Each structure stands twice: as C-alpha cells, then as structure tokens.
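Notes for the one structure printed next.
In what follows, residues are counted from 1 in the order of the sequence shown. On a predicted model such as this, the values are computed, not experimentally measured, just so you know.
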Amino acid sequence: MTQLIGLDPTSGPLPPPEEGKDRPRPRPASLSGSVVGLVANGLGQAEAFLAKLYEELSKDGTAGAVPVLKGSVSVPPDPQDWVRITSEATVAITGFGG
C-alpha cells in the first residue's frame, strides 16, 4: 500500500524521520511530464480554482491531471479515488473551498 504524507505549510519544519519510516519525496524541479492529482473538497469554487491552477501548471508540460472530488470536507477521498491518485499521479494538490 502506498504511504501518503500530508503536509501543512504552516506547521514549520518537518520532524526528524522515525526509524524505518519514509520521508516525503523531494519537490520536483519541474512539473514537466508529471501527472497532477487535483483533490477538491467540493465547497465554494475549489474545483474551478484547481482547474484554473492546472491550466497554468500545464504550461510547464504536464502529462495530465487526475481530478478527484471528495464526498465531504470532513472525509478523505473515496478508496477508489485514492487508488487513482496513488497509482496515476506524480504529485497532488488539494483545494479547500469555503
């Protein structure tokens, strides 16, 4: 099973890795050739925002997008959507509408 690590940019530096635990992969230098996962929570204009964001990112030569709409703001994506993201996407972005 693929391990997913969520990062909160307001949380500060990451703690040192625990023995036997994976660290997040380094940020790619470019999105050229990447498939971008777009995870929207369904509130406000999250889907439209992510679509426009991807439109801009695609100028860097991305290879495609995996759009996912969560069923609710308080739950993770459905299991089949997790499979799509972890098997098809190189990187992922979440959008929280309000």
Could you tell me whether the side chain of [X] and the main chain of [Y] form a donor-acceptor pair under 3.5 Å?
X: K70; Y: V75; result: yes
X: D78; Y: Q80; result: no
X: T90; Y: V35; result: yes

pair [X]-[Y]: side-chain heavy atoms closer than 4.5 Å:
X: P67; Y: L50; value: no
X: I93; Y: V36; value: yes
X: I85; Y: V39; value: yes

Closest heavy-atom pair and its distance - A89, G37:
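Closest approach of A89 to G37: CB-N, 3.7 Å.
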Shared hydrophobic cluster for L57 and V91 (ILVMFWY, side-chain gaps under 4.5 Å):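 Yes, L57 and V91 fall within the same hydrophobic cluster.
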Give every donor-acceptor pair under 3.5 Å between a side-chain atom in residues 58-65 and any protein atom, sequence neighbours left out.
unit_1 : atom_1 : unit_2 : atom_2 : d
S58    : OG     : Y54    : O      : 3.4
S58    : OG     : E55    : O      : 2.7
K59    : NZ     : E56    : OE1    : 3.3
K59    : NZ     : E56    : OE2    : 3.1
D60    : OD2    : S30    : OG     : 3.1
D60    : OD2    : L31    : N      : 2.9
T62    : OG1    : Y54    : OH     : 2.7

